[in-house]
Amino acid sequence: MGSIFSIQQVINGLQVGSIYALIALGYTMVYGIVRLINFAHGDFFMLGAYAAYGTFFVFNALIVSKSGVTAFFVLLASMAAGGIIALLTNQLAYRPLRYKPKLSSLITAIGVSMFLEYFLSALPMVGPSYRPFPDVIPRVNIKIGTATISNIVIIDILVAAVLMVGLTLLVKKTALGKAMRAVSQDKDAARLMGIDIEKGIAFTFLIGGAFAGAAGLLAGMTYPRIFPYMGIQPGLKAFIAAVLGGIGNIPGAVLGAYIMGLAETFASAYNSLIGEGIAFAILIVVLLVRPTGLLGEKTADKI
Amino acid sequence: MKKFRLPRLLIVSAVLFVVIQILHSREIMNGYILHIINQSLIYVILAVSLNLINGITGQFSLGHMGFAAVGAYVSGTLTSLVFKINPSSPNAMPLFILAIVAGGLAAAVIGILIGFPSLRLKGDYLAIVTLGFGEIIRTVFNNIDYVGGPRGLLGIPKFSNFPIIFAAAFITLVVVRNLIQSSHGRAMLSIRENELAAELVGIDTTHYKVMAFSIGAFFAGIAGGLLAHLLTLAHPTQYGFIKSVEILIMIYAGGVGSITGSTIAAFALTFLSEGLRIGIRAIADTTGLPIGGEWRMVVYALLLIFIMLFRTEGLMGNKESRIITIEEAD
Amino acid sequence: MRKVAFVLALAILATSLVAAQEIRVGGVGPVTGEAATFGISTKNGIMLAAEEWNARGGLFNNRRVRIIFEDDKGDPAEGATVYTKLIQQDNVVAIIGTVMSKVTLAGAPIAQANGIPMISPTSTNERVTLVGDYIYRACFIDPFQGTVGANFAFNELKARNAATLFDIGNDYTKGLAENFRAQFLKLGGKVVAFEGHPAGATDFKAQLTKILANKPDVLYVPNYYNDVGLIAKQARELGFNGPMVGGDGWDSPDLVKIGGKAVENGFFTNHYAAADPRPIVQEFVKKYKAKFGAEPDALATLAYDAAYIMFDAIRRAGSTRGSAIRDALKTTNLDVVSGKVTFDSNRNPIKSAVIIEMKNGQQVYRSTVNP
Amino acid sequence: MLEVKNLKVSYGKIEAIKDVSFEVPDGKIVTLIGANGAGKTTTLRAISGLEKSAGGSVFFDGKDVTNLEAHKLVPLGISHVPEGRKIFPTLTVRENLELAGWTLRNKKLIKERMEEVFEIFPRVKERADQLGGTLSGGEQQMLAVGRALVTGGKLLLLDEPSMGLAPVLVDEIFTQIVAINKRGTTILLVEQNAAEALDIADFAYVLEVGYSTLHGPAKDIANDPRVREAYLGV
């Protein structure tokens, strides 16, 4: 039993959870405002990783002393790539269908996701192969008693925490955040307040995509191997985490992500066969007990 | 009293069946085309049965291939491990059909189980839970060594052929058509349109949702069984959520709630995906561009986006062809 | 007018003669989807082999080979479709493919039923060639590599407590792990942990933490290089310094690029050593690099070999008849990159394995093991 | 102030309104009455830009505003209190009102207007820090009107303000509507409670299955026998 619930396993679970959290944050924002399962979100994550990869090599070639400057631009590139592609996807594929049945945009979302994956995989200079991700920041392992934690894991956890707090403040305290919440709750009413909801939605995609991009960079640093289909599984898991925490709820997404990370870790440590299904099992149990997720707001159906 | 008339669907199906048989036996149509037709027909069963759950009753399910997996594994286990049917023995065919139906029934039982969350959950929440169920089913098969685990269930006899698959697709169409054009179907539609209102006028929504899930799952199980006996194997990775999404694409491209649309889309998308093999090669050969099969899916994805952007309601909208609708006798 | 018609007829005759001279061979591999990188390597290997044979004047009677390569997406259903297409639509005389056992097993019955000989470069599942007498393979089967790995760990590394980590969604890695365990136990060793991870995982620490708590002195990781790189890194991060052993899935230049120093003290069973001075090996590595800008991995090598084996059989058969090619395959005795190949009665290749050690970021030849 | 000419709106193939024309003069209260499904709500939604019209035109202050997007109409001076109030349930009452000042970009002005709203509806002030979703129906209606006042339009579109309210509250709401009108805001009122609406309105239009049929001074319409029979239940 010791090896199942040891400090090391807790650290392992937190690491897995923080990557899920980073993707889930953007996922839950976008879902909250357009109520669309954005299948392409995991691909924005993947694009962020590739943008970071490319930028790293360009900067390494240009600048002799790497370190800080490179890391900054790599982060910028990953966020820009994720954000801009998310924005473009919204404008080209989702916006024209905004007032059509919601499921038609779901299919375009699937189409966009397939396109991004297959396109990158077919593109000669990218290709389907696994690419070794460089150490943007040198990796240092820190010993805590019998457990080991790497500086990358600490960065992951910190970034997830900072982004969560920042996003919560943005949404709760700023006028822009309130407008975003208004749009997510009632689009017509928001328009009647003079809010340009398309701008609000576009902004949300930009932020959500940028977060996904940053998550791609961090995932690349944590698990130094990237490929065009790398977004599918984490995207799915992050979506589950977002639903688990209560979709549209920012702390909920992070909570859901860490619950999933820890549950998967403990389950795999207990018996590797059940590790794979545990995320789904937890999800089903939670939703059956609390259909709006752990922290989801109860909005009763009114006649 | 309704006058007896040979239904249009039966006539059209019979003609198509005979034409395809003749074309194939005269070798005008090669085995490849026939294989794509077989595959399309299996997709017809999957799409029409998913449409019953998703399009008609409005219960967003993302785990449809999980039902197909149950059908494939149950029927495949029966024919290859339990009955150990020798295809040449005289009672092989009845046993095979028995196995396929058993697979469908097993899937229906699972369908009832999965139908229950739909009583509590709606929309995207239901979608993610059905997706979860589908993935769990897949994981379970992946971990049972008796049915091959990650090696897959191998050595399934090749029983599926064009007449059998055609008959199964025809039966699926007739059953689902008759169902949705009956009072049951109208009850299901009313759940999709407004569940609360349906309840208020006294429709037992629980009953109809579970009914949609179990019947939909039954036919998905049949399709899974037929596929397994066409490929001679069943493998867990064939039934993942990406495959469920492919079926979903078919019903939306065809038009939600239209089984005519699902049927056409199942054929159109299967032939499109195959046609692109030849198309991409032709482009590469004529232009000299260094493009290969890896571009096929890029084009497919783009076409999918364009279909949804420019034909949002799907190919058929929610209309049915006159071939599908039941004629009212004058 | 009559003259024009004559010239036209001649032209048609000429082109049809040229077309008749061309021998169509099918190639299959997953070039899209999550296994696409393996499919691309496979395609590259086959294409390079075909180019070389054509440069030498074709397979026989100056008849050049034309590869029709199709994508199976790593999906059995697509595999069945593609095999049917190649046979029925494109009238290929033989098929080289495909990569994954589950897909090959969907295609093989179709090839067998149509009397089209085929050779899979990399499908390791034992049942593949048992489908029938037209079905061959160019790679080891699961039991062989697992056994060699266990012998090596026990005898050479003097390990007594072994642990394994494999992909539960992948039959190749699971098969190797199971056969390793069986042999290691037979030798008198102890398998202190036998853990799997889900397909597509990137974090293996939960399993590794559990494994390392049992203090193994060797870790058997029969995964593909992309996973091995990550597993090695994470194992080292968690404090494991012992040797790691794996199979031919390790053979890729990307192993070191992903795993870095973590793959040092790693050993794997393979078909050949890239540093092998045999000219066929050196030629192949050089040509492959020149054409595709990357070093070949195991998949490219095996695909290249599989194509050579098939082309050689067609040449010796001197015919495009399926049964003739099949009979020629049976008597294969050929030097290819992965060594000298003959086939046993189950149409599996009899060839020796080598043990490669990862040292200073390089593959170093260590020993040869004969079956 | 507002002129609607031959307006037409369709949902897919269903024509919700086929031909509706009317005028709202400056400073007056105009009411649209009609049965359920006559197209009253759709007319308001088309004016404020929530629906696209399929034909006809809308002039506001002499400017053609046909099919202008909703959020662009707000700064021009059209405030719409929609059917069902559409309060943001998880924003507080105060946040609901603040958002209504979105286009003003002037914190002082927003504050002033909020104070005005609190004056008109003291109940809203009492509830200022509660979540919108926790208010009673009457309070939500007051908040909805309050939001419209913060946006500060010259023309206020009111959709069924009395729906689902107790008679006492209905009277209060109608009293406040008159008061708001007295302060200089023009009002276009859609009501099923035709008697009350005709009582406070200056002009009235009758909508029937997508067409505007009768119109005239509210008093005349109230006395029209057909209206009395169909809508006033006399």
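Please read all numbers here as calculations on a predicted model, not as lab measurements. Quick note on labels: first sequence line is chain A, next is B, and so on, each numbered from 1. All values below were derived from every heavy atom in this structure, side-chain atoms included, with hydrogens, water molecules and symmetry-related copies excluded.
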Exercise. What part of B:Leu248 lies closer than 4.5 angstrom to a heavy atom of chain A: side chain, backbone, both or neither?
Worked result: both

Problem set entry | Pick from B:Tyr300, B:Phe133, B:Phe306 with the largest number of heavy-atom pairs that fall under 4.5 Å of chain A | B:Phe133

Problem set entry | Max heavy-atom pair count under 4.5 Å with chain B, selected residue of A:Val243, A:Leu283, A:Ile107 | A:Ile107

Problem set entry | Toward chain A, the part of B:Arg296 with a non-hydrogen atom under 4.5 Å | neither

Problem set entry | Main-chain N/O of B:Ile259 paired with B:Glu320 side-chain donor or acceptor, under 3.5 Å | yes

For this session: Step by step, work out the side chain to side chain donor-acceptor pair (under 3.5 Å) result for B:His64 and B:Thr130.
Result: CA-CA 8 Å; B:His64 207 54; B:Thr130 49; over 6 Å; no

Problem set entry | Contacting region of B:Phe60 [heavy-atom separation from chain A under 4.5 Å] | side chain

Exercise. With respect to A:Phe227, which candidate in A:Tyr50, A:Tyr53, A:Tyr130 satisfies the ring-ring contact (aromatic ring centres under 6.0 Å, His included) definition?
Worked result: A:Tyr130

Problem set entry | A:Ser113 (side chain) donor-acceptor with A:Ala109 (main chain) under 3.5 angstrom | no

Exercise. Side chain, backbone, both or neither: which part of B:Asn194 has a non-hydrogen atom closer than 4.5 Å to chain A?
Worked result: neither

For this session: Spell out, as yes or no, whether a donor-acceptor pair under 3.5 Å connects the side chain of B:Arg311 to the backbone of B:Met316.
Result: no

Exercise. Hey, are B:Ser61 and B:Asn54 close enough side-chain-wise for a donor-acceptor pair under 3.5 Å?
Worked result: no

Exercise. Do the side-chain N and O atoms of A:Asn12 and A:Thr265 include a donor-acceptor pair separated by under 3.5 angstrom?
Worked result: no

Exercise. Hey, which of B:Asn143, B:Val129, B:Val299 has the most heavy atom pairs under 4.5 Å with chain A?
Worked result: B:Asn143

Seminar exercise, completed: Cut-off 4.5 Å, heavy atoms of chain B, and the answer for A:Thr108 is both

Exercise. Is any side-chain heavy atom of B:Ile180 closer than 4.5 Å to a side-chain heavy atom of B:Leu189?
Worked result: no

Exercise. Measuring heavy-atom distances to chain B, does A:Val286 have an atom under 4.5 Å in its side chain, in its backbone, in both, or in neither?
Worked result: neither

Problem set entry | Side-chain donor-acceptor pair present, A:Tyr20, A:Glu264, cut-off under 3.5 Å | yes

Problem set entry | Donor-acceptor contact below 3.5 Å, side chain A:Thr28 vs main chain A:Leu25 | no

Seminar exercise, completed: Note: vs chain A, highest number of non-hydrogen pairs under 4.5 angstrom among B:Leu304, B:Ile305, B:Ile249, B:Leu126 is B:Ile305

Exercise. Tell me, side chain or backbone of B:Leu62 under 4.5 Å from chain A's heavy atoms, or both, or neither?
Worked result: side chain

Exercise. So, B:Thr270 versus B:Gln39: side-chain donor-acceptor pair below 3.5 Å or not?
Worked result: no

For this session: Measure A:Ile278 against the heavy atoms of chain B and call it side chain, backbone, both or neither at under 4.5 Å.
Result: neither

Seminar exercise, completed: Counting heavy-atom pairs under 4.5 angstrom with chain B, the leader among A:Tyr118, A:Tyr31, A:Phe39 is A:Tyr118

Problem set entry | NE2 on A:His41 to CZ on A:Phe239, rounded to 0.5 Å | 11.5 Å

Seminar exercise, completed: For residues 84-98 of chain A against chain B, heavy atoms under 4.5 Å, the residues are A:Leu92, A:Ala93, A:Pro96, A:Leu97

Problem set entry | Side-chain donor or acceptor of B:Glu135 paired with backbone N/O of B:Phe241 under 3.5 Å | yes

Exercise. With only heavy atoms counted, which part of B:Ile136 is less than 4.5 Å from chain A, the side chain, the backbone, both or neither?
Worked result: side chain

